There are 2 protein chains.
Amino acid sequence: MKGETKHKVQQMLKSARLRRTKPRSDILTALLKAHQPLTREQIAERIGACAPNKVTIYRALETFVAADIVHKAFVQNRTWYFELSHHCTADQCHPHFCCRCCGRTDCLHELHIPMTADSGGYIIQHQRVQLEGLCPKCSKSA
Amino acid sequence: MKGETKHKVQQMLKSARLRRTKPRSDILTALLKAHQPLTREQIAERIGACAPNKVTIYRALETFVAADIVHKAFVQNRTWYFELSHHCTADQCHPHFCCRCCGRTDCLHELHIPMTADSGGYIIQHQRVQLEGLCPKCSKSA
DNA sequence: TTGTTCTTGCAACTGAGTTGCATTTGATGT
DNA sequence: ACATCAAATGCAACTCAGTTGCAAGAACAA
Ligand SMILES: [Zn+2]
Ligand SMILES: [Zn+2]
Ligand SMILES: [Zn+2]
Ligand SMILES: [Zn+2]
């Protein structure tokens with residue numbers, strides 16, 4: 001169990017040709033366990049007492065994004081949410097939903113948004129779709 | 001020409017039941033003439049020397065968004081870009097493209113992105129699509 | 001015109017993210 | 001195991017878009 005996660009994380013770093021350090025492993029582990037996008041602060045909280053410095057976390061995430069291990073999923077309240085990119089194709093990430101009532105955000109892995117029209121000379125390397133509205137719970141209680 | 005814009009702007013404020021003040025008129029005029037999303041700072045630049053205080057601009061924009069006159073189009077470098085919402089349907093705004101090479105952003109009014117799958121209980125009130133890649137110019141010179 | 005309410009401007013504040021630099025650490029070769 | 005060096009970390013100070021509180025000013029209805 002734990003060893004499996006640890007091994008997976010080490011493997012991710014190795015195949016991205018990045019140095020295996022404790023902060024990096026801890027950050028990737030937090031993201032791997034989360035199954036949802038996390039902010040820098042949430043990552044630190046989940047790592048706990050001996051979490052890396054915030055600068056270290058930002059720089060590690062930046063490195064991961066450059067290595068395409070991690071995506072910037074969406075922005076909310078001026079802060080970025082990060083998630084592992086293992087569910088995304090190169091050009092298209094899954095949509096993210098934010099509830100205007102309760103504020104929770106969900107990854108909509110199932111909801112596929114095809115891009116029909118040709119893009120007239122634009123080369124699209126990444127697609128980010130943000131949805132806002134009411135989540136199932138809030139829409140029932142409304 | 002100028003009178004027409006001015007009248008249009010006054011009409012927008014009136015039908016939204018908002019007080020017609022000089023700062024608000026100037027801000028809407030700037031957005032109307034721009035035909036592309038603008039930041040708070042860009043709005044101030046376009047208004048010129050007697051531009052309203054930045055707090056006033058932010059508060060006016062906030063009011064416009066609440067009244068659905070203006071949309072928050074996208075975020076870039078931690079700053080919001082605002083645009084008139086007259087091209088958007090209630091639930092879907094047009095996609096915005098940002099070039100990773102030259103940094104310019106475009107409104108892709110033509111590119112329609114249909115939402116196929118049913119959204120399983122979610123009520124989607126707004127869709128924001130951000131595209132990143134290479135613009136026609138940059139993709140040619142690359 | 002008067003009075004009420006909404007709007008504006010200013011100054012001080014907030015907080016996510018960044019930068020510079022000294023220190024530590026992982027990887028590589030001996 | 002040890003030396004070496006580039007890369008990663010931690011800390012403090014900084015940046016800057018956006019916010020907040022409050023006093024003064026302007027729109028609008030009576
Ligand atoms: Zn909800
Ligand atoms: Zn996601
Ligand atoms: Zn370009
Ligand atoms: Zn647009």
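This is a predicted model, so every value here is computed, not measured.
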Is there a side chain to side chain donor-acceptor pair (under 3.5 Å) between Q76(A) and H96(A) once you walk through the steps? CA-CA 11 Å; Q76(A) 198 170 8; H96(A) 288 98; over 6 Å; no

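With rounding to whole Å, E41(B) atom CD is found 16 Å from dT15(D) atom P. Taking atom OH of Y58(B) as the reference point, atom P of dA12(C) lies 19 Å away to the nearest angstrom. One can place CD of E62(B) at 15 Å from P of dC6(C), the figure rounded to the nearest angstrom. If you measure from atom OH of Y81(B) to atom C1' of dA17(D), you get 12 Å, rounded to the nearest angstrom. Between the CZ atom of R78(A) and the C1' atom of dT14(C) there is a distance of 10 Å, given to the nearest Å. In this entry the distance linking CD1 of I47(B) with C1' of dT8(C) reads 14 Å, nearest Å. Rounded to whole Å, the distance from CG on L61(A) to C1' on dT9(D) is 14 Å. Following rounding to the nearest Å, I57(B) (CD1) and dC16(D) (P) show an atom-to-atom distance of 18 Å.
Candidate nucleotides dC10(C), dA16(C), dG18(D) were compared by shortest atom distance to the side chain of N53(B), and dC10(C) ranks first. Listed nucleotides dG17(C), dG9(C), dA8(D) differ in distance to R40(A); the shortest reach to its side chain belongs to dG17(C). Taking every side-chain heavy atom of P23(A) into account, dT9(D) is the closest of dT9(D), dT7(C), dG18(D).
Under 4.0 angstrom from either OP1 or OP2 of dG10(D) there lies at least one side-chain N or O belonging to T56(A). Look at T21(B) and you'll find a side-chain N or O under 4.0 angstrom from OP1 or OP2 of dT8(C).
Looking only at distances, a side-chain donor or acceptor of N53(B) sits under 3.5 Å from a matching main-chain atom of V55(B). For the pair R40(A) (side chain) and L61(A) (backbone), a donor-acceptor distance under 3.5 Å is absent.
Toward the 5′ end of DNA chain D lies the nearest nucleotide of F82(B), the other residue of the pair F82(B) and K22(B) mapping further downstream. Between N77(A) and A60(B), it is A60(B) whose nearest contact on DNA chain C lies nearer the 5' terminus.
Residues satisfying the side chain to side chain donor-acceptor pair (under 3.5 Å) criterion with R100(B), sequence neighbours excluded, are Q125(A), E132(B).
In terms of hydrophobic clustering, with Ile, Leu, Val, Met, Phe, Trp and Tyr side chains grouped at heavy-atom distances under 4.5 Å, L38(A) and F74(A) are assigned to different clusters.
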Below 3.5 Å between N/O atoms, which protein atoms pair up with nucleotides 20-24 of chain C? Just atom names and distances, please.
from: dG20(C); atom 1: O6; to: R59(A); atom 2: NH2; distance (Å): 3.3

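A donor-acceptor contact under 3.5 Å links the side chain of R19(B) to the base of dC6(C).
When all heavy atoms of S139(A) and G121(B) are compared, the pair lying nearest together is OG-O, 3.5 Å. Looking at every heavy atom in both residues, S25(B) comes nearest to Q10(B) through OG-OE1, 3.0 Å.
Across all strands shown, K54(A) has heavy atoms under 4.0 Å from base atoms, whether or not it also approaches the sugar-phosphate.
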